[in-house]
Undergrad: 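Encoded as structure tokens, here's the structure I'll be asking about.
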Amino acid sequence: MSYELSVNGRRESVDVPGMTPLLDVLRDELSLRGAKKGCAEGRCGACTVRLGDRTVASCLLPVAVATDEPISTVEGVAAPDGPLHPVQEALLECGGVQCGACTPGMVMTLCDLLEADPDPDAQSVRQALVGNICRCTGYHKIVEAALSAAAALREAR
Amino acid sequence: MTTAGGNGSGSGAIGRRVRRADGEPKVRGSAIYGMDHIEPGMLHAAVRRAEVPAARIVRLDTTAAARMPGVRAVATAADAPGLSGMLVLKDQSVFASEVIRYVGEPIAAVAADTPAQAAAAAAAIELELEPLDPVLDLDTALDSGTRLIHPDWESYQTLVPGPRGGNLAWEARLERGDVAAAFASAYQVVSDEFRVPRQHQSPIEPHAAVARYDHGRFTVHTPSQFPYLVRGRVAELLGVRPSAVRIVVPTIGGGFGGKLDALLEPLACVLARKAGRPVQVLNTRADELRTAGPRENAIVRLRTAVDADGRILAQDGHILADNGANSSGETVACAGVAPLALGGTYRIPAARYLSQVVYTNTPPTAAFRGVNGPYCIYAQEMHMDHIARELGIDRREIRLRNVLRPGQKMVNGQVLSDAFLVEALESVEARAPWAELTARSRPLRGVAVVPVTWITNPGPAEASLKLAEDGTVMVTCAAAEIGTGAVTTGVRQIVAETLSVPIEDVLISAPDTDAGGYDHGAQGSRTTYGMGKAAGDAAEQVRDQILQTAADLLEASPEDLELVGGQVQVVGAPDAAVTLAAVGAAAMWAGGPISASGRFVSPPVPFDAGCMAGALFTHFSAASYHAHLAEVEVDPDTGVVTILRYVVAQDVGRAINPTMIEGQVHGGVAQGLGYAMLENLRLDDAGRVLDAGLESYRLPTALDVPPVDLEILENPCSSGPFGAKGAAEPPIVPVAAVIACAVADAIGRPINELPVSPFAVLGALRQGADVVGAST
């Protein structure tokens with residue numbers, strides 16, 4: 001079955017069964033290996049991408065239902081040869097990245113949060129991150145990064 | 001700012017919050033992790049695993065499977081006859097040959113064009129089994145009459161002689177002082193028993209390996225914490241020499257001890273050799289939880305003789321740790337750590353410890369950050385609270401009375417000349433005064449404070465440095481960047497400081513055992529300490545070569561030169577200077593390219609060698625000292641524990657990068673909290689892992705972790721680079737202890753089992769009358 005997708009602003013056409021998880025399509029068909037298959041059961045959040053105006057666990061989402069809205073992945077957050085997005089910048093500056101396997105999902109969740117709520121408090125950041133497991137950092141520096149990125153984004157507006 | 005020697009003012013790199021060199025690819029999603037690595041023509045593997053815990057293999061027929069579509073190779077025990085084990089005891093094979101010893105044990109593996117074809121063929125392998133009596137219970141595995149899991153145990157090779165026999169895989173003993181006399185003369189004797197479950201490392205990236213085979217050599221891409229160990233273990237299991245195996249390490253998506261040893265690599269190698277094509281073996285999350293070795297379940301029994309003031313006179317301890325079905329993990333190698341953990345913080349003049357590692361028909365257990373420390377410290381601290389209660393002594397006070405002071409001896413006779421436990425307790429006290437916290441004495445609120453001494457792994461390291469034509473420095477080594485930043489910040493900062501070059505000018509190669517010299521792995525907090533020192537040693541030699549070459553160029557004596565900001569200048573005459581790029585170019589045709597190798601192993605530490613048997617770890621090298629305090633509140637209706645306050649004082653020797661240290665402390669506390677309150681890798685009565693997904697194996701989320709009030713203490717260590725000690729492991733070690741003791745204080749009942757789940761708390765609350773006086 002052939003599906004037309006919009007991924008990071010590009011039109012992509014893939015020929016896979018409709019129940020193929022979006023994550024497998026991104027990784028295996030489109031060579032976008034930023035999103036990770038951490039658990040394949042929608043719990044760890046390392047596969048988080050944005051579909052339209054929300055985040056989804058791409059490991060559970062059949063590609064057949066991902067055709068109507070634009071998909072954005074961590075690779076589309078900043079141009080490959082351009083400066084980092086403030087969320088990415090803050091994660092590095094605050095030490096919110098250790099092994100980094102959860103980071104692509106964290107970046108997508110935080111971008112989504114900061115678009116919906118430009119001035120969140122620490123507790124709402126924690127609430128937003130509950131679907132993204134980080135085994136390394138204990139989360140504090142990720143929360144700090146989110147607040148710092150929010151301030152930078154507000155300043156830039 | 002101190003430097004490693006003269007001739008340099010340093011670059012100010014030490015103590016700076018330098019960003020990690022691998023950060024940009026990680027936040028952009030372009031970093032290639034082990035699970036992302038693919039090769040042209042790569043095949044996919046599926047493993048046929050045992051579904052019963054104990055059976056004899058009567059018939060194994062792969063004929064039909066081998067003929068299925070897309071199948072390129074099928075491997076069984078006949079293809080990998082070697083026996084190996086993690087350092088000590090060689091009782092493990094790649095595949096079960098005649099006998100199945102645990103649920104999940106590999107029996108055969110298939111490589112095919114697609115994962116689905118491989119899975120279909122693995123399922124089509126014909127297998128006939130004759131069931132054996134499974135031995136699942138740690139308590140009864142050593143009873144006479146219990147079936148032996150390894151009837152051939154005597155034939156297995158060992159690294160060193162050690163007490164063992166039957167279902168006793170290994171034993172470490174420590175005996176020092178007159179224990180019997182101390183117990184006979186004691187004011188009081190207190191006894192306890194504690195039980196802890198398995199805890200799974202659960203890094204976000206599952207195990208993954210891609211192997212290829214060319215002309216007698218294997219190349220394996222694998223996210224390994226300890227590439228040289230995997231190299232040796234693959235070689236032994238496949239019956240080839242270690243130099244026939246090359247391990248290349250892509251970005252590692254977390255390990256925490258779980259990726260120290262070989263797991264999937266031997267399977268990938270066997271299949272790649274048979275198929276003549278690269279083969280990928282990739283774990284699912286269920287494979288991870290079922291078969292990648294977790295921290296062992298254990299029973300700790302403590303009996304302590306004390307005087308009327310609560311001073312410890314002697315301790316008798318028995319640790320029973322579950323090895324699982326073989327010694328492919330570190331449980332045997334770490335048996336000797338338990339006595340050191342129990343006897344490293346308090347003065348215990350006489351002790352007898354028996355640390356037994358027991359075979360069961362369960363998945364093999366392995367290393368997890370802090371190895372047996374978290375449960376030994378939990379047991380010791382809950383036991384200390386019991387002693388305090390019996391004697392009516394304040395719980396902080398009894399710790400102060402017993403805690404080791406500078407110049408006093410650990411239980412192995414090792415003198416801790418730099419002991420810093422009182423300072424650590426005082427640091428916590430300054431921020432969370434004990435009298436205030438305990439005076440409140442509110443029902444269902446509890447508090448606890450725990451001091452702890454911990455080890456830095458002493459293992460060897462080698463690093464090579466070269467000065468490039470552009471004045472940058474390349475460090476080549478096999479140290480794995482597991483995520484701590486030890487390689488991508490710490491080692492680079494040490495080199496930058498020694499050579500007075502900007503941190504951006506220090507590059508570091510990816511680990512590859514064909515290129516980098518030996519490194520003892522990202523374990524036991526050792527990378528900044530051990531590899532940092534080796535790289536620093538190489539940098540000092542490179543600095544000497546730079547100064548010698550520059551002296552010729554500047555027509556000055558090397559003693560009159562200094563390295564500043566990437567150039568060499570005459571002291572007091574900065575106009576007379578030459579860049580490192582020019583020095584590198586000049587050296588090329590003068591003495592040859594500027595380069596050097598540095599090496600390190602932790603210096604020997606005197607201890608009473610006669611007091612231990614069967615121990616690979618005999619002392620605490622580069623010991624560090626810590627204190628944690630927790631205040632908790634218990635909801636009596638739900639059993640939920642809320643951590644109101646968490647305070648840490650951590651001795652790091654010297655803080656090379658405070659941001660990275662804070663990250664280790666936050667992460668260690670979170671994992672310790674998981675161990676204390678949430679995580680329990682359960683097995684059912686048929687030896688099957690029940691928690692095969694993250695829905696039931698609950699990892700801490702952003703809502704579970706309390707803020708951590710941390711003070712970094714600098715108590716320099718003479719053997720570490722710029723005084724640094726290990727920093728990554730200690731923060732997990734006392735967490736379960738301090739949380740469990742605080743909860744026990746809150747509910748007025750001891751907690752003799754982990755995790756302290758809401759169900760456990762409710763159970764304890766409903767046990768009837770108070771058995772413990774509330775608060776101190």
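Order of the sequence lines fixes the chain letters, A, B, ..., with proteins taken first and strands second; residue numbering starts at 1 for each chain. A quick note: this is a predicted structure, and the numbers were derived from the prediction, not measured.
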Undergrad: Quick one: of A/Gly42, A/Gly100, A/Gly96, A/Gly34, who has the most non-hydrogen atom pairs under 4.5 Å with chain B?
TA: A/Gly100

Undergrad: Compare all side-chain heavy atoms of B/Leu699 with those of A/Arg43 and state whether any distance is below 4.5 angstrom.
TA: no

Undergrad: Please look at A/Ala40 and chain B and tell me whether the side chain, the backbone, both or neither of the residue comes under 4.5 angstrom of a heavy atom of that chain.
TA: neither

Undergrad: Using modelled atom types only, decide if a donor and an acceptor are shared between the side chain of A/Arg126 and the backbone of B/Ala702 within a distance under 3.5 Å.
TA: yes

Undergrad: Does any heavy atom of chain A fall under 4.5 Å from the side chain of B/Val665, the backbone, both, or neither of them?
TA: neither

Undergrad: Keeping the roles fixed (side chain from A/Glu75, backbone from B/Ser30), state whether a donor-acceptor pair exists under 3.5 Å.
TA: no

Undergrad: Name the region of B/Pro206, side chain, backbone, both or neither, that has any atom closer than 4.5 Å to a heavy atom of chain A.
TA: side chain

Undergrad: Between A/Lys141 and B/Glu662, does the salt bridge (Lys or Arg N to Asp or Glu O under 4.0 Å) criterion hold? Intermediate values first, please.
TA: CA-CA 9 Å; A/Lys141 289 183 178 294; B/Glu662 289 159 4; 2.6 Å; yes

Undergrad: Does A/Gly38 offer a backbone N or O that forms a donor-acceptor pair with the side chain of B/Arg285 under 3.5 Å?
TA: yes

Undergrad: Measuring from atom CG of A/Leu91 to atom CD of B/Glu24, what distance do you get when rounded to the nearest 0.5 angstrom?
TA: 12.5 Å

Undergrad: Please classify the contact between A/Leu84 and chain B as side chain, backbone, both or neither, with a heavy-atom cut-off of under 4.5 Å.
TA: both

Undergrad: Report, by ascending residue number, the residues of residues 107-118 of chain A in heavy-atom contact with chain B at a distance under 4.5 Å; give 'none' if the set is empty.
TA: A/Val107

Undergrad: Could you measure the distance from the NZ atom of B/Lys26 to the CG atom of A/Leu92? Nearest 0.5 Å is fine.
TA: 10.0 Å

Undergrad: For the residue pair A/Arg27 and B/Asp36, what are the closest heavy atoms and their distance?
TA: NH2-OD1, 2.7 Å

Undergrad: Should we count CZ of A/Arg10 as having more than 12 external heavy atoms under 6.0 Å?
TA: no

Undergrad: Distance check, rounded to the nearest 0.5 Å: A/Cys136 atom SG versus B/Ile204 atom CD1?
TA: 8.0 Å

Undergrad: Looking just at side-chain N and O atoms, do B/Gln664 and A/Gln98 make a donor-acceptor pair shorter than 3.5 Å?
TA: yes

Undergrad: For a side chain to side chain contact (heavy atoms under 4.5 Å, CB included) check, start with the C-alpha distance between A/Lys37 and B/Thr284, then their side-chain angles and the critical distance, and finish with the verdict.
TA: CA-CA 9 Å; A/Lys37 190 180 277 190; B/Thr284 63; over 6 Å; no

Undergrad: Quick one: which of B/Gly23, B/Ala286, B/Gly668, B/Pro25 has the most heavy-atom pairs under 4.5 Å with chain A, could you say?
TA: B/Gly23

Undergrad: Highest number of heavy-atom pairs under 4.5 Å with chain A: which of B/Gly253, B/Gly483, B/Gly255?
TA: B/Gly483

Undergrad: Contact part of B/Val669 toward chain A, heavy-atom cut-off under 4.5 Å: side chain, backbone, both or neither?
TA: neither

Undergrad: Contact part of B/Ile482 toward chain A, heavy-atom cut-off under 4.5 Å: side chain, backbone, both or neither?
TA: backbone

Undergrad: Counting C-beta onward and ignoring hydrogens, is there a side-chain heavy-atom pair between B/His666 and A/Thr137 closer than 4.5 Å?
TA: no

Undergrad: Treating B/Tyr33 as the side-chain partner and A/Lys36 as the backbone partner, does any N or O pair qualify as donor plus acceptor under 3.5 Å?
TA: no

Undergrad: Rounded to the nearest 0.5 Å, what's the gap from OH on B/Tyr697 to SG on A/Cys39? Could you check?
TA: 14.5 Å

Undergrad: Checking the side chain of B/Gln671 only, and the main-chain atoms of A/Arg135 only, is there a donor and an acceptor separated by less than 3.5 Å?
TA: yes

Undergrad: Chain A heavy atoms under 4.5 Å from B/Arg20: which part of the residue, side chain, backbone, both or neither?
TA: side chain

Undergrad: Please evaluate residues A/Leu129 and B/Thr701 with respect to the criterion side chain to side chain contact (heavy atoms under 4.5 Å, CB included), reporting the C-alpha separation (whole Å), side-chain torsions for both, the decisive distance (0.1 Å), and the verdict.
TA: CA-CA 8 Å; A/Leu129 289 179; B/Thr701 71; over 6 Å; no

Undergrad: Verify, without hydrogens or angle tests, whether B/Arg28 (side chain) and A/Ala79 (backbone) share a donor-acceptor contact under 3.5 angstrom.
TA: yes

Undergrad: Hey, does the side chain of A/His140 reach the backbone of B/Pro706 with a donor-acceptor pair shorter than 3.5 angstrom?
TA: yes

Undergrad: What part of A/Ala145 gets closer than 4.5 Å to chain B, counting heavy atoms only: side chain, backbone, both or neither?
TA: neither

Undergrad: Between A/Cys44 and B/Leu694, what is the shortest heavy-atom contact and its length?
TA: CB-CD1, 4.0 Å

Undergrad: Can you check side chain to side chain contact (heavy atoms under 4.5 Å, CB included) on B/Leu703 and A/Gln127, steps first, answer last?
TA: CA-CA 7 Å; B/Leu703 290 173; A/Gln127 203 79 50; 3.7 Å; yes

Undergrad: Of all of B/Glu679, B/Glu288, B/Glu481, B/Met660, which one pairs up most often with chain A through heavy atoms under 4.5 Å apart?
TA: B/Glu679

Undergrad: If you count heavy-atom pairs under 4.5 Å between each of A/Ala35, A/Cys102, A/Gly95, A/Pro80 and chain B, which one has the most?
TA: A/Pro80

Undergrad: Between SG of A/Cys94 and CZ of B/Arg17, what distance do you get to the nearest 0.5 Å?
TA: 10.0 Å

